[in-house]
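Have a look at the structure below before the remarks.
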Amino acid sequence: MNLLLVLPILIPLTAAALGLTAWKRPGLQRSISVAGAMALLVASVMLLAATNRGDVLATQMGGWEAPYGITIVADILSSIMVLLNAIIGLAVVIYSLGALDPQREAFGFHPLVHALLAAVSGAFLTGDLFNLYVWFEVMLMSSFVLLTMGSGRAQLEGAIKYVALNLVSSALFLAAVGLLYGATGTLNMAHLAERIGSADPRATTLIAMLFMVAFGIKAAAFPFFFWLPASYHTPPPVVSALFAGLLTKVGVYALIRTFTLCFTGDMAFTHEVILWIAGFTMLSGVLGAAVQSEFRRILSFHIVSQIGYMLMGLGMAGVALAAAESADESTAVALRGAAALALTGSIFYVMHHIIVKTNLFLVSGIVQRLFGTGDLDRVGGIWRTRPVLSIMFLVPAMSLAGIPILSGFWAKLTLVRAGLLAESWWIVAVALFVSLLTLFSMTKIWGEAFWNAMPPGREDPTATVRSDRGLRIMMTVVMLLGAVTLAIGFAAQPVFDLAGRAAKQLLSPGVYADAVLGGRQSSIPPVDADGGAP
Amino acid sequence: MTILLALLVAILYATGVYLMLRRSIVKLIIGLVLIGHAANILIFSAAGVVRGRPPLVPEGMSGLERPYADPLPLALILTAIVISFAIVAFTAVLVRRAWQEIGTDDLDRMNTTDR
């Protein structure tokens, strides 16, 4: 068993368990939490270093050979996602030391965060669809409690919507898993990749759509995103930041993984649907944000619109690959290149987005701390009193809108180039238009909260807020995440290469399947034509 | 038998969705529970229902003879039942807490976070 593969799951689980034993001692709990998050970061960097050159690592839990045992597998995409998970985990844990009220901390904030981190790592590393379902449930359970902790009226209302829609998604996911097992006789993703071609294509396309709906709800894609803007602005900002960075991206990861590895039989149809969903997701998210006037509500709608960009790459890649099959030699090569570039863009976008979005929510937490509200009508003049904070908002905000040199620009540039190469004209037009509206939203927050003076007749409450230790911790975290954004922007080439290698690996699923199944023929007899029923 | 189970799954899904579309949050939970049950029975029947053929290797043979009752879906269902038990317990507490805090069980009046 390869220890490196299980550490990103084991470390946060241990930290959560130890944190529970230190229930009555908040000081000790904090130390365990920070130490656990740091260890997770180290482990995930080591994991990425091990997979970086293109090896796919796999291990079977419980000593059973694949496809019987539960597979834990890491390729470059999984390793990148685990690393991002660790970065966000550490940032949020440290930020919470300065931001979180003692009541919520005493109700087990730290163990819950680590349970969530373990579940997210597990979802990124598992090679089995049912195991993915279990990690989703662990993740949901921790997020339910984090969301409702404190039980304010708004929090409970938001939680009911969040819980109900996510449980529907889980039920659909479970049904899809059952049908897929009935159709193919396996749930191991590598094994599925080998087998799904021999199953009835009508059944597999139907099951693929069911998975798309289930993961689409998790990812907050159009038209399933309504739970997100209804709930993400209700918990404390540090919890919103954690959710905004990680949860929807697990859905996006699941879509990218299953729709490059397993459901590639009818890409002209399935990935075209993804492309349409992507377009509508971008548009509806950004238009929803345009009418909002509260800091975190605007940011929540922008999560939705950004999810569209990530799905856009996946959709374009599939459509280009499907077109390449019927095209002549030279066009096919160009289209395959475009598909690789589109997936690269998606992965780059996820990397940039997770950092930037978490950072924006953390900034909103500082603003809320200073003014006691995130309502843009009651906030203003931060530029004059706190220029450093204003710049710390400007970096991720402009990156989100895609201003050149910052990380978001390179992500969008890659997607747009891939779109032009793949000749998906309309989605490129939508992406550019949405980008413009994103800039409008970000400048709205900038203008109302940072640049303009306080609205007349209102006293500036920040004059009485002293820079205490808590605020300094929050500022430090925000600056560090801002530095990561700048680093991705200025050193775009190595990051782009990394995303490119991950995309190339996704497009050659044979490597993944060989690593999991050990290159041998599977010993399970194939299912009967009628799906195993007598 | 498969037809009967398929009908049962359909009825459970229909009832579950109908209850979820009502305005009361209690009915929402019952609907969720029913949809979970429907998914479990779907898994059970999707893998094929076989009578009187336990998945045991007969004496003198080296492998299973088809058709046999596949135990794996049952293991999946068992896991799913345990998870849904925990989730339903949490949701019940959440609904009670929300009813205490908000003073209504009407979903249409829980719209302050949507505006």
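Note that this is a predicted model, so its numbers are computed, not measured. Order of the sequence lines fixes the chain letters, A, B, ..., with proteins taken first and strands second; residue numbering starts at 1 for each chain.
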Quiz item: Does the side-chain contact (heavy atoms from CB on, under 4.5 Å) test come out yes or no for A/Glu137 and B/Ile87, once each step is laid out?
Solution: CA-CA 9 Å; A/Glu137 294 301 298; B/Ile87 300 259; 3.4 Å; yes
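- With a 6.0 Å radius and a threshold of 12 heavy atoms from other residues, nucleotides or ligands, B/Arg109 has its CZ atom at or below the threshold.
- Neither the backbone nor the side chain of B/Ile77 comes within contact range of chain A, judged by heavy atoms closer than 4.5 Å.
- With a 4.5 Å cut-off on non-hydrogen atoms, A/Phe173 does not touch chain B at all.
- Residues B/Leu72 and A/Tyr181 form a side-chain contact, since some pair of their non-hydrogen atoms from C-beta on lies under 4.5 Å apart.
- Ranked by heavy-atom pairs under 4.5 Å with chain B, the list A/Val168, A/Leu180, A/Ile160, A/Thr148 is led by A/Ile160.
- For A/Val145, the parts lying near chain B are the backbone and the side chain together; criterion is any non-hydrogen pair under 4.5 Å.
- Between the CG atom of A/Leu167 and the CE atom of B/Met20 there is a distance of 8.0 Å, given to the nearest 0.5 Å.
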Practice problem: Would you please test A/Phe130 and B/Thr79 for side-chain contact (heavy atoms from CB on, under 4.5 Å) and show each step? | Solution: CA-CA 10 Å; A/Phe130 192 76; B/Thr79 317; 3.7 Å; yes
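- Note that the CG atom of A/Leu187 and the CG atom of B/Leu76 stand 6.0 Å from one another [nearest 0.5 Å].
- Of the atoms belonging to B/Ile83, it is side-chain heavy atoms, and not backbone ones, that fall under 4.5 Å from chain A.
- For the pair B/Met110 and A/Glu157, the tightest heavy-atom approach, listed with the atom from each and the gap, is C-OE1, 3.3 Å.
- Taking each heavy atom of A/Ala164 and B/Leu32 in turn, the nearest pair found is O-CD2, 4.1 Å.
- With respect to chain A, the highest number of heavy-atom pairs below 4.5 Å among B/Ser45, B/Ala80, B/Ala86, B/Gly36 belongs to B/Ala80.
- By the 4.5 Å heavy-atom criterion applied to side chains, B/Phe90 and A/Val163 are counted as neighbours.
- Put simply, of A/Glu294, A/Lys161, A/His233, A/Gln155, the one with the most heavy-atom pairs under 4.5 Å next to chain B is A/Lys161.
- Neither the backbone nor the side chain of B/Ile41 comes within contact range of chain A; no heavy atom of the residue lies under 4.5 Å from a heavy atom of that chain.
- For B/Phe44, the CZ atom is loosely surrounded, since the number of other residues' heavy atoms within 6.0 Å does not exceed 12.
- Other residues, nucleotides and ligands place more than 12 heavy atoms under 6.0 Å from the CG atom of B/Leu7.
- Applying the 6.0 Å contact sphere to CE of B/Met61 captures more than 12 heavy atoms from other residues, nucleotides or ligands.
- Annotation: side chain to side chain donor-acceptor pair (under 3.5 Å) contacts involving residues 23-34 of chain B, sequence neighbours excluded, comprise B/Arg23-B/Asp106, B/Arg23-B/Asp108.
- When every heavy atom of B/Ala39 is checked against every heavy atom of A/Leu174, the shortest pair comes out as CB-CD2, 4.1 Å.
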